[in-house]
Amino acid sequence: MLEAIIHAVLLALGLILPLGVQNVFVFNQGASQSRFRNALPAVITAGVCDTILITLAVGGVSLILQQFLWLTNVLYAAGCFFLLYMAWTLWRSKTASSGESQPMLPKRQMIFAASVSLLNPHAILDTVGVIGTSSLQYNGGERWAFGLAAVSVSWIWFVGLATAGRLVGRMDSEGKFGTMLNKISALIILGLAIYMAITFMTSM
């Protein structure tokens, strides 16, 4: 069982560490909110979404994606349009400390966090595909220990990410860094959307 847990931790870290839409959003909420607890809706929603995806993956949903290529293509097409919307929204947004806008409210945080978690094809394919496929080598309790370890990594990571964002936000009294971060995040997301569009077109 220890081998399964270590395997899951290393695999989850490898998937979650690269800069992605979900990470950028959680970090931004930590940086833009006046208090850490105000960013908790984004943290909790992202954690719950990852928990759902990992549970489904360990439960065998990864086998469905492997059998139906068209479903993967649908995810890429829908995700591309969603990421373009996210990029546009982030590019136009300014941090609350600049005095030109208010922090994102809890309900909107939850909607956006759920969207970047569940409508992002890369997140789905990484979680369901990679983690799900890797879990198939374990049986019974070992498989679920593998899943629980992967879930724990996600929760710890999102809490740490929002905390880091809050520390950066405290040093950004005029909101300039936060606004610049939104612009950089928008460009990263735009690049990912273009990559997914190319992937979708070449797979047809």
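Contact record, Ala113 with Ala46: CB-N, 4.3 Å, taken as the closest heavy-atom pair. Between Gln29 and Ala42, the shortest heavy-atom contact is CG-CB, 3.8 Å. Phe146 and Ala8 make their closest contact through O-CB, 3.0 Å (heavy atoms, listed as atom of the first residue, atom of the second, distance). In this structure, Tyr138 and Glu3 approach most closely via the heavy-atom pair OH-O, 4.0 Å. Residue Cys49 comes nearest to Ser117 through the heavy atom pair CB-CB, 3.4 Å, listed as atom of the first residue, atom of the second, then distance. The two residues Phe36 and Val159 make their nearest non-hydrogen contact at CE1-O, 3.9 Å.
Atom-to-atom distance recorded for Leu118:CG and Ile52:CD1 is 6.5 Å, nearest 0.5 angstrom. Note: Phe158 CZ to Thr163 OG1 = 13.0 Å, rounded to the nearest 0.5 Å. Rounding to the nearest 0.5 Å places CZ of Arg37 at 12.0 Å from CZ of Arg166. The structure places CG of Leu105 at 12.5 Å from CE of Met110, a figure rounded to the nearest 0.5 Å. To the nearest 0.5 Å, atom NE2 of residue His7 and atom CD of residue Gln137 are 5.0 Å apart. Between atom CD1 of residue Ile6 and atom CG of residue Leu10 there is a gap of 7.5 Å, rounded to the nearest 0.5 Å.
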Using the side-chain contact (heavy atoms from CB on, under 4.5 Å) rule, take Phe27 and Val168 through it: C-alpha gap first, then chi angles, then the decisive distance, then the call.
CA-CA 9 Å; Phe27 181 87; Val168 171; 3.9 Å; yes

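In terms of hydrophobic clustering, with Ile, Leu, Val, Met, Phe, Trp and Tyr side chains grouped at heavy-atom distances under 4.5 Å, Ile156 and Val43 are assigned to different clusters. A continuous path of ILVMFWY side-chain contacts below 4.5 Å connects Ile5 to Val153, so both sit in one hydrophobic cluster. Note on Ile131 and Leu148: separate hydrophobic clusters, where clusters join Ile, Leu, Val, Met, Phe, Trp and Tyr whose side-chain heavy atoms are under 4.5 Å apart, directly or indirectly. Cluster membership for Ile111 and Val24, using ILVMFWY side-chain heavy atoms within less than 4.5 angstrom, is not shared.
For the 3.5 Å distance criterion, the side chains of Ser135 and Trp144 fail to qualify, holding no donor opposite an acceptor. Side-chain N/O atoms of Asp50 and Trp155 include no donor and acceptor closer than 3.5 Å. No hydrogens or angles considered: nothing links the side chains of Asn38 and Gln109 as a donor-acceptor pair under 3.5 Å.
The side-chain contact (heavy atoms from CB on, under 4.5 Å) test with Val58 singles out one residue from Ile54, Leu56, Thr55, and that residue is Ile54.
The closest side-chain heavy-atom distance from Asn23 to Trp157 is below 4.5 Å.
Between Phe25 and Phe112, the angle of the ring planes stays under 30°, which puts this pair in the parallel group of the 30/60° scheme.
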